[in-house]
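Below you'll find the structure, written out as structure tokens, and then a few comments.
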2 protein chains.
Amino acid sequence: MHTPPTLRMTKQRRIILEELCKLKSHPTADEMYHILRKRMPRISLGTVYRNLEVLSESGIIQKIDVGGTQKRFDGNAELHYHVRCVKCNRVDDIDVPPDRAIEDQARKRTEFTILRHHTEFLGLCPNCREADH
Amino acid sequence: MHTPPTLRMTKQRRIILEELCKLKSHPTADEMYHILRKRMPRISLGTVYRNLEVLSESGIIQKIDVGGTQKRFDGNAELHYHVRCVKCNRVDDIDVPPDRAIEDQARKRTEFTILRHHTEFLGLCPNCREADH
DNA sequence: GTGTCTGCAAACCATTTGCATCGGT
DNA sequence: ACCGATGCAAATGGTTTGCAGACAC
């Protein structure tokens, strides 16, 4: 049997959470790292990765595990959808009401045990639409 | 002004397309590479990546650019949804009718120019549900 | 013949990990 | 004091790229 390890509220963990929740954007781990270094110059990138992982596993934040090469993080753990710019990879929230019922539809059509779903819209952000071709 | 380069139907490109369309699964580039080497022992991983990229850009196949560390490819370029196992990353098609109308909803709620969307269900595949914990 | 494509190997880059030390509880 | 967390640096692993020769058109 396994008791999950107790989470300690270290200074790093607290500040990572604080700074992420302050943002409306959906930063990558590296973007978080640069923001955090302003307050904690000695924080390491490894610590940022480890904490974003742990915090998202405990459901306190959300790992946006959709398209793009870098994962992004969201201080809002509620189910909601995102738009991503296919050019610059900017990710915004989009106020389309999430369809919980679609998970029941899915359960009828697969042998998998469905846990959750996410939807990502793809498009061009205003900036990239301007700076066009 | 730019003329896009003419696509040449090389032996490698043809066979990559052939083998991918044969499959019902959604292989990673590396899985494709191993399959292809049975027919073309000298094909390189770089060629596989380059062709899967080019073919998906021309809309002949689909790059499944959702969660997970490795990208996957789908010989079926039509819009359809997928389920992914959170444990083993197996990806199956799921027969939930795609909701085209949701893109219009999205257009009303964002400044982005919406091009497309995708939805991924997450869950446990039958194998991983058995072999539990 | 021209310009794209290939195989190969090295480069890249996001993320993970080993380890000695630090610090929360 | 115990054991999880940190900083640092090295390792990993998927993907991309530079280049010289090969091949489709």
Side-chain angles (χ1 to χ4, degrees), chain A residues 2-20 26-58 60-61 63-73 84 88-89 91, chain B residues 1-20 26-58 60-73 84 88-89 91:
Chain A
H2 249 280
T3 327
T6 1
L7 285 201
R8 289 184 184 167
M9 193 45 67
T10 59
K11 202 186 335 175
Q12 288 85 341
R13 187 162 294 160
R14 182 172 47 75
I15 295 186
I16 287 171
L17 190 52
E18 245 177 68
E19 290 292 333
L20 179 59
H26 304 82
T28 63
D30 194 68
E31 284 166 0
M32 279 301 291
Y33 173 59
H34 288 294
I35 292 167
L36 291 160
R37 283 218 298 184
K38 292 174 192 160
R39 280 181 70 179
M40 303 197 77
R42 304 194 59 76
I43 198 170
S44 77
L45 187 53
T47 297
V48 175
Y49 272 105
R50 275 183 290 230
N51 276 300
L52 290 172
E53 189 61 34
V54 162
L55 290 170
S56 66
E57 265 170 15
S58 18
I60 302 171
I61 67 171
K63 186 198 273 185
I64 308 184
D65 194 17
V66 281
T69 52
Q70 298 177 77
K71 303 215 183 313
R72 290 174 176 274
F73 296 87
R84 176 166 57 95
C88 70
N89 275 315
V91 174
Chain B
M1 188 69 189
H2 250 278
T3 328
T6 359
L7 284 202
R8 289 183 181 168
M9 192 44 68
T10 59
K11 202 187 332 174
Q12 289 84 341
R13 188 162 292 162
R14 183 173 48 75
I15 296 187
I16 288 171
L17 191 52
E18 245 176 70
E19 290 293 332
L20 179 60
H26 305 82
T28 63
D30 193 69
E31 284 166 359
M32 278 302 289
Y33 173 59
H34 288 294
I35 292 167
L36 290 160
R37 283 219 298 184
K38 292 174 192 160
R39 280 180 70 180
M40 304 196 79
R42 303 195 60 75
I43 199 171
S44 78
L45 187 52
T47 297
V48 175
Y49 272 105
R50 275 183 290 232
N51 277 301
L52 289 172
E53 190 61 36
V54 163
L55 290 170
S56 66
E57 265 170 15
S58 18
I60 303 172
I61 67 171
Q62 197 180 346
K63 187 199 274 188
I64 308 184
D65 195 16
V66 280
T69 51
Q70 298 179 76
K71 302 213 183 314
R72 290 174 175 274
F73 296 87
R84 176 165 57 94
C88 70
N89 276 313
V91 174

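As the structure is a prediction and not an experimental result, all values here were calculated from the model. Below, chain A is the first sequence line, B the second, and so on; all start at residue 1.
Positionally, the nearest nucleotide of DNA chain C for Leu7(B) lies more toward the 5' end than for the other of Arg42(B) and Leu7(B).
Rounded to whole angstrom, the span from the CD atom of Gln70(A) across to the C1' atom of dT16(C) amounts to 15 Å. Met40(B) places its CE atom 6 Å from the P atom of dG7(C), with the value rounded to the nearest Å. In this structure, Leu45(A) places its CG atom 8 Å from C1' of dT15(C), rounding to the nearest Å.
For the residue pair Arg84(B) and Gly67(B), the shortest heavy atom distance occurs at NH2-CA, 3.2 Å. The two residues Ser56(A) and Lys63(A) come nearest to each other via the heavy atoms CB-N, 3.9 Å.
Under the side-chain contact (heavy atoms from CB on, under 4.5 Å) criterion, Tyr49(A) pairs with Ala29(A), Leu45(A), sequence neighbours left out. Evaluation of the side-chain hydrogen bond (donor to acceptor under 3.5 Å, both in side chains) rule for Ser44(B) yields Thr47(B) as partners, not counting sequence neighbours. Under the side-chain contact (heavy atoms from CB on, under 4.5 Å) criterion, Thr69(B) pairs with no residue, sequence neighbours left out. By the side-chain contact (heavy atoms from CB on, under 4.5 Å) test, Glu31(A) pairs with Pro27(A), Thr28(A), Arg72(A), sequence neighbours left out. Qualifying side-chain contact (heavy atoms from CB on, under 4.5 Å) partners for Leu36(A), counting only residues two or more places apart in sequence or in other chains: Ile15(A), Ile16(A), Glu19(A), Met32(A), Ile43(A), Val48(A).
Between the CD1 atom of Ile61(B) and the CD atom of Glu53(B) there is a distance of 9.0 Å, given to the nearest 0.5 Å. The CD1 atom of Ile60(B) lies 11.0 Å from the CG atom of Leu20(B); values are rounded to the nearest 0.5 Å. If you take CD on Glu57(A) and CG on Leu52(A), they are separated by 11.5 Å, rounding to the nearest 0.5 Å. Taken to the nearest 0.5 Å, the CZ atom of Phe73(B) stands 11.0 Å off from the CD atom of Gln62(B). Interatomic distance, CG of Leu55(A) versus CG of Leu7(A), reported as 7.5 Å (0.5 Å rounding).
Against DNA chain C, the stretch residues 46-57 of chain B makes heavy-atom approaches under 4.0 Å through Thr47(B), Arg50(B), Asn51(B). Contacts of residues 8-18 of chain B with DNA chain D (heavy atom under 4.0 Å): Arg8(B), Met9(B). Contacts between residues 26-38 of chain B and DNA chain C, defined by a heavy-atom separation below 4.0 Å, involve no residue at all.
Sorted by first and then second residue, the salt bridge (charged side-chain N to carboxylate O under 4.0 Å, His left out) pairs with a member in residues 5-16 of chain B read Arg14(B)-Glu18(B); sequence neighbours excluded.
Nucleotides of DNA chain D with any atom under 4.0 Å from a heavy atom of chain A span, from 5' to 3', dC3(D) to dC8(D).
Defining each end axis of the helix from dG1(C)-dC25(D) to dT25(C)-dA1(D) as the rotation carrying four pairs' C1' atoms onto the next four, with five pairs an end, the two axes are found to diverge by 40° to 10 degrees.
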